[in-house]
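Side chains included, hydrogens not; waters and symmetry mates left out as well; all remaining heavy atoms used. We number each residue from 1, following the sequence as shown.
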Amino acid sequence: MKISNGFLNVIIDVEHGGRISFLGYANSENILYKPVNSSTTSGWHNYGGDFLWLAPQSRWGWPPIPEFDSQSWEVIYGEGLTLISPEWNNLRLVRQLDFSDSDTLKVSNSIINSGDKVSWGLWNVSQIPLANLKVNFSTLQDLKVFSYPENVTLQTLLKQGFIKRQSENYEIMAKKGLDFKVGCVSAVPQM
């Protein structure tokens, strides 16, 4: 599904997890990563783009939950666009997209929990080509490295030059064969 406000162009893949598969300004390239070969050695089919999973991953393991990652999502048109996942274990994920500002796409994510009062987090994954990636964190304590399959640490990546500080940003350097994810994990609310 392609939507545009004349300034931003967005393609939403509602057939594969309600993901944003293309985001770009008029006549520009996609700023999101789209894999050429989407099959992985783990059996997961990587459709790329920007998508939503549950956190923590330790509760659902691997591969990702099909209802959230690879199945069709419902689309509701109104003020903006609302995408709703199929149900999994009494949970549904919701993404609301808004173009009210001409140069901004606002994405709001939420969970509908109709079951037990189990606390879950939202994990918004944005796959971006390394050439376009600049990460801004207020301190290195905010930056977390998620390694797979290698045992990669933040200190190792900094020492070996795969993450370099550029003013207030951290630049991620490509290395063939090294697979790691970086992100920021918010504090878990106390119940």
Side-chain angles (χ1 to χ4, degrees), residues 1-35 38 46-57 60 64-88 90-114 119-139 142-144 146 166-172 181-189:
M1 159 188 309
K2 183 175 183 179
I3 57 176
S4 177
N5 65 2
F7 192 73
L8 282 175
N9 296 319
V10 179
I11 297 176
I12 301 163
D13 186 353
V14 294
E15 298 299 317
H16 300 109
R19 69 189 60 236
I20 300 168
S21 60
F22 182 96
L23 176 62
Y25 295 107
N27 302 318
S28 75
E29 293 182 15
N30 190 4
I31 66 168
L32 298 173
Y33 174 70
K34 179 75 174 164
S38 55
N46 183 1
Y47 296 101
D50 177 273
F51 47 95
L52 188 59
W53 288 346
L54 285 175
Q57 182 180 349
W60 51 263
I65 300 163
E67 288 82 354
F68 303 147
D69 183 66
S70 58
Q71 291 184 5
S72 295
W73 284 34
E74 177 184 354
V75 179
I76 300 173
Y77 299 93
E79 288 187 32
L81 191 67
T82 302
L83 308 170
I84 303 174
S85 75
E87 188 173 298
W88 175 82
N90 298 313
L91 299 170
R92 296 182 90 180
L93 300 183
V94 179
R95 307 191 85 189
Q96 294 178 299
L97 286 69
D98 179 21
F99 270 122
S100 56
D101 295 328
S102 63
D103 63 346
T104 305
L105 172 66
K106 294 179 183 175
V107 180
S108 300
N109 299 317
S110 59
I111 300 173
I112 298 171
N113 186 348
S114 60
S119 185
W120 287 92
L122 292 170
W123 182 4
N124 196 125
V125 180
S126 299
Q127 294 183 340
I128 301 171
L130 282 173
N132 299 338
L133 184 61
K134 295 283 188 270
V135 183
N136 189 328
F137 294 97
S138 57
T139 68
D142 294 338
L143 182 64
K144 180 162 176 53
F146 303 87
Q166 302 286 334
S167 181
E168 293 300 313
N169 292 305
Y170 296 91
E171 184 176 357
I172 312 298
K181 302 174 222 175
V182 294
C184 182
V185 177
S186 61
V188 176

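Between the CE atom in Met1 and the CD1 atom in Ile3 there is a gap of 7.5 Å [rounded to 0.5 Å]. In this structure, the separation between NZ on Lys2 and OG on Ser4 is 6.5 Å, given to the nearest 0.5 Å. How far CG of Asn9 is from CG of Asn27: 7.5 Å, rounded to the nearest 0.5 Å. Rounded to the nearest 0.5 angstrom, Ile12 CD1 and Leu81 CG are separated by 4.5 Å. Once rounded to the nearest 0.5 Å, the distance linking CG of Asn113 with OG of Ser119 reads 9.0 Å. Expressed to the nearest 0.5 Å, how far CZ of Phe51 lies from CG of Asn124 amounts to 9.0 Å.
Side-chain contact between Asn30 and Ile11 is absent, with no heavy atoms from C-beta onward closer than 4.5 Å. The shortest distance between side-chain heavy atoms of Asn46 and Tyr33 falls below 4.5 Å. Side-chain contact between His16 and Ser21 is absent, with no heavy atoms from C-beta onward closer than 4.5 Å.
What you find for Leu54 and Trp123 is that their closest heavy atoms are O-CE3, 3.7 Å. Between Trp120 and Leu91 the shortest heavy-atom distance is NE1-CD1, 3.4 Å. Residues Leu8 and Asn5 come closest through the heavy atom pair N-OD1, 2.7 Å. The two atoms that bring Ala26 and Gly6 nearest to each other are CB-O, 3.9 Å, heavy atoms only.
Looking at Asp50 and Arg95, a side-chain N of the basic residue comes within less than 4.0 Å of a carboxylate O on the acidic one, giving a salt bridge.
Checking side-chain atoms of Ser85 against main-chain N and O of Arg92 turns up no donor-acceptor pair under 3.5 Å.
Each of Leu52, Leu83, Val94, Leu93 was evaluated against Asn109; a single residue qualifies, Leu52, per the side-chain contact (heavy atoms from CB on, under 4.5 Å) test.
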Without placing hydrogens or testing angles, list every side-chain donor-acceptor pair under 3.5 Å for residues 67-75, not counting sequence neighbours.
unit_1	atom_1	unit_2	atom_2	d
Asp69	OD1	Arg19	NH2	2.9
Asp69	OD1	Trp53	NE1	3.1
Asp69	OD2	Trp44	NE1	2.9
Ser72	OG	Glu15	OE1	2.8
Trp73	NE1	Glu67	O	3.1

